[in-house]
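Input: a single structure, listed below in structure tokens.
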Amino acid sequence: MTPALRVPEGLSARVPAEQREPGLDRDGVRLLVSRGTEVSHHAFGELPGLLRAGDLLVVNTSPTLAAAVDGSIGHTRVVVHFSTRGDDARWAVEVREPDGRGTTRARACVDKGTVVRLPGGGRLVAEEPLSPRGNRLWWARVSGAEVTALLREHGRPIRYAYTERDQPLSAYQTVFALPVPDGTGSAEMPSAARPFTARLVTELVSRGVQFAPVTLHTGVASAESHEPPYPERFSVPGESARLINAARAAGRRVVAVGTTAVRAVESAAGADGVVRPRAGWTDLVVTPERGVRVVDGLLTGLHEPEASHLLMLEAVAGRVAIDRGYDAAVRGRYLWHEFGDVHLLLR
């Protein structure tokens, strides 16, 4: 990404598309299309005409959690962002401070043994950093409350400072989201799929576009330091693996809806490019050096120039295509972040 460029002020999407103008639905966003180094501008509703019969869209079915919960450390108010549930029933969490505007800022003073009091008599104890890379996220144990019940009763969606106000959880669910039996899901919305509506999905199916569902539960992103993604839970079911392999064998395009879908399906692919049913944890970071083995395209939101996701985009489409697309998005005043416009990258 061109280092000199930054997202201009005023280009962060502050509210969902359907709240920006009367009569708009979720699909009322813009679509930037990069075919190699060629860039074109569209409405998202034109997507069915930009895809081909036989194209396969890989979609993430993870539901979004109400993952932000108020708490206190002594007499100090904090906000806990619940990121990921571990195999030992602990949760990876980020403890942040209210910023007085309804959002939060980073908090640096969490140590081993820090105790956070939670609503309903719950108690969270920080046990160890999630990663030796830093101490933003901690493995913590919660007692006196069941976490998924705590989130349902007292949680709200994680909100960042560029947004205008709190939104209901429904604003953060995609049309592909499915409930998970154990109540887990994504700390942050798999937002590339947000513009899809049931009507648009129906039109895509009627034109011969196929869908392959996968699941990847996203953790809490680093709003300040743009760290690479931590290990996340994922699942690629057998039927989706079959659909992907059949599409590739027939020379049809496999297009991932979101970086989470790329991470899931590439984690299930062998060195031979064959996708096999797989579930568990993935620590895969897709870079230009590693490349992609499965996807031919990616539908994604617009990412900050420092975001680690851009390495994945570069792996899919190449550096020149990303730079040209980014330049066009800035010149065209596209909107950034989870409620913003989207970018279709095709090799």
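Quick note: numbers below take in every heavy atom, side chains included, and nothing from hydrogens, waters or symmetry partners. Note that this is a predicted model, so its numbers are computed, not measured.
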ask   = Does Val274 share a hydrophobic cluster with Val295, counting links as ILVMFWY side-chain heavy atoms below 4.5 Å and allowing steps through other members?
value = no
query = Do Val265 and Val254 touch side chain to side chain, with heavy atoms closer than 4.5 Å?
reply = no
request  = Could you tell me whether Arg290 atom CZ has more than 12 heavy atoms of other residues or ligands within 6.0 Å of it?
outcome  = yes
ask   = Can you tell if the side chain of Val58 reaches within under 4.5 Å of the side chain of Ser240, non-hydrogen atoms only?
value = no
query = So with a 6.0 Å cut-off around CZ of Arg77, is the heavy-atom count from everything else above 12?
reply = no
inquiry  = Could you check whether any side-chain heavy atom of Thr114 comes within less than 4.5 Å of a side-chain heavy atom of Trp138, counting everything from C-beta outward?
reply    = no
inquiry  = To the closest 0.5 Å, what do you measure between OG1 (Thr163) and CZ (Arg101)?
reply    = 10.0 Å
message = Please find the pair of heavy atoms, one from Ala106 and one from Arg96, that lie closest to each other, and give the distance.
response = N-NH2, 3.6 Å
ask   = Looking at CD of Glu146 and CD of Glu153, how far apart are the two atoms once the value is rounded to the nearest 0.5 Å?
value = 9.5 Å
remark   = Tightest non-hydrogen contact, residues Ala315 and Val286, listed as CB-CG1, 3.8 Å
task = Please check if the side chain of Arg194 supplies one atom and the backbone of Ala171 the other of a donor-acceptor pair under 3.5 Å.
result = yes
task = Kindly indicate whether the side chain of Arg26, heavy atoms from C-beta on, has any atom under 4.5 Å from the side chain of Glu18.
result = yes
task = Taking only Lys NZ, Arg NE, NH1 and NH2, and the carboxylate oxygens of Asp or Glu, determine whether Arg85 and Asp182 approach each other closer than 4.0 Å.
result = yes
query = Is there a chain of hydrophobic side chains (I, L, V, M, F, W, Y, each step under 4.5 Å between heavy atoms) that links Val330 to Tyr334?
reply = yes
inquiry  = Donor-acceptor pair, distance only, cut-off 3.5 Å: does the side chain of Arg152 make one with the backbone of Gly183?
reply    = no
Transitive ILVMFWY side-chain link Leu169 to Leu151, under 4.5 Å = no
inquiry  = Less than 4.0 angstrom from a charged side-chain N to a carboxylate O is my criterion; do Arg159 and Asp166 meet it?
reply    = yes
query = Which residues satisfy the salt bridge (charged side-chain N to carboxylate O under 4.0 Å, His left out) test with Arg207, sequence neighbours excluded?
reply = Glu203
request  = Supply the atom-to-atom distance Leu65 CG to Arg156 CZ, rounded to the nearest 0.5 angstrom.
outcome  = 14.5 Å
key: Short side-chain to backbone donor-acceptor contact, Thr218 and Glu188, under 3.5 Å   = yes
query = Going by side-chain heavy atoms closer than 4.5 Å, which hydrophobic residues are tied to Val15, directly or by a chain of links?
reply = none
request  = Begin with the C-alpha distance, continue with both residues' side-chain angles, and end with the deciding distance and a verdict on side-chain contact (heavy atoms from CB on, under 4.5 Å) for Leu118 and His154.
outcome  = CA-CA 9 Å; Leu118 300 171; His154 301 286; over 6 Å; no
key: Stepwise side-chain contact (heavy atoms from CB on, under 4.5 Å) check, Val214 with Phe234   = CA-CA 8 Å; Val214 299; Phe234 82 104; over 6 Å; no
query = For Val220, does its backbone N or O pair with a side-chain atom of Ser83 as donor and acceptor, under 3.5 Å?
reply = yes
ask   = Which other residues belong to the hydrophobic cluster containing Val209, where Ile, Leu, Val, Met, Phe, Trp and Tyr are joined when side-chain heavy atoms lie under 4.5 Å apart, directly or via other members?
value = Val29, Leu31, Val33, Phe44, Leu47, Leu50, Leu51, Leu57, Val59, Val175, Phe176, Phe196, Leu200, Val201, Leu204, Val205, Phe211, Val255, Val257, Leu299, Val342, Leu344, Leu346
inquiry  = Donor-acceptor pair, distance only, cut-off 3.5 Å: does the side chain of Asn245 make one with the backbone of Val275?
reply    = yes
inquiry  = Hydrophobic clustering (ILVMFWY, side-chain heavy atoms < 4.5 Å, transitive) - are Trp336 and Met189 grouped together?
reply    = no
ask   = Are Arg252 and Asp296 ion-paired here, with the side-chain N under 4.0 Å from a carboxylate O?
value = no
remark   = Distance col, row Leu32:CG vs Thr300:OG1, nearest 0.5 angstrom, shows 11.5 Å
task = First locate atom CD1 of Ile158, then atom CZ of Phe82, and finally report the distance between them rounded to the nearest 0.5 Å.
result = 10.5 Å
message = Are Ile244 and Leu56 packed together at the side-chain level, in the sense that at least one heavy-atom pair is separated by less than 4.5 angstrom?
response = yes
ask   = Do you know the tightest heavy-atom contact between Arg248 and Val294?
value = NH1-O, 3.2 Å
ask   = Heavy atoms, side chains only, cut-off 4.5 Å: are His217 and Thr84 in contact?
value = no
note = Note: Pro277 and Gly238 closest approach over all heavy atoms is CG-CA, 3.6 Å
inquiry  = Run the side-chain contact (heavy atoms from CB on, under 4.5 Å) test on Thr259 and Leu313 for me, step by step, so that the C-alpha distance in whole Å, both residues' side-chain angles and the decisive distance to 0.1 Å come before the verdict.
reply    = CA-CA 8 Å; Thr259 57; Leu313 272 60; 4.0 Å; yes
message = So does Leu311 get a backbone contact from the side chain of Thr287, meaning a donor-acceptor N/O pair under 3.5 Å?
response = no
task = Would you confirm whether Arg117, through its side chain, and Gly74, through its main-chain N or O, come within 3.5 Å as a donor-acceptor pair?
result = yes
remark   = Of all heavy-atom pairs linking Asn135 and Val110, the shortest is ND2-O, 4.3 Å
query = Are any side-chain N or O atoms of Gln173 and backbone N or O atoms of Thr64, one a donor and one an acceptor, separated by less than 3.5 Å?
reply = yes
query = How about Pro98 and Val79: do any of their side-chain heavy atoms sit closer than 4.5 Å?
reply = yes
ask   = Should the pair Phe339 and Tyr172 be assigned to parallel (<30°), tilted (30 to 60°) or perpendicular (>60°) ring geometry?
value = tilted
inquiry  = I want to check something: taking the side chain as every heavy atom from C-beta on, are Met312 and Glu266 in contact at a cut-off of under 4.5 Å?
reply    = no
message = Hydrophobic cluster membership, with links at side-chain heavy-atom distances under 4.5 Å among I/L/V/M/F/W/Y: are Ile73 and Val93 in one?
response = yes
ask   = Hey, does the side chain of Asp27 reach the backbone of Thr197 with a donor-acceptor pair shorter than 3.5 angstrom?
value = no
task = Go through the steps for Tyr160 and His337 under the test ring-ring contact (aromatic ring centres under 6.0 Å, His included), then give the verdict.
result = CA-CA 10 Å; Tyr160 290 113; His337 302 303; 8.4 Å; no
message = Side chains of Gln167 and Gln19: any donor to acceptor distance under 3.5 Å?
response = yes
query = Are Asp87 and Arg233 within salt-bridge range, i.e. N to O under 4.0 Å?
reply = yes
inquiry  = Looking at every non-hydrogen atom in both residues, tell me the closest pair between His343 and Ser34 and how far apart they are.
reply    = NE2-OG, 2.7 Å
ask   = Yes or no on side-chain contact (heavy atoms from CB on, under 4.5 Å) for Asp88 and Arg141, after CA distance, side-chain angles and deciding distance?
value = CA-CA 9 Å; Asp88 57 1; Arg141 199 171 297 277; 4.3 Å; yes
ask   = Glu21 side chain to Leu24 main-chain N or O, any donor-acceptor pair under 3.5 Å?
value = no
Point-to-point distance, once rounded to the nearest 0.5 Å, from OG1 of Thr61 to CG of Leu178 = 5.0 Å
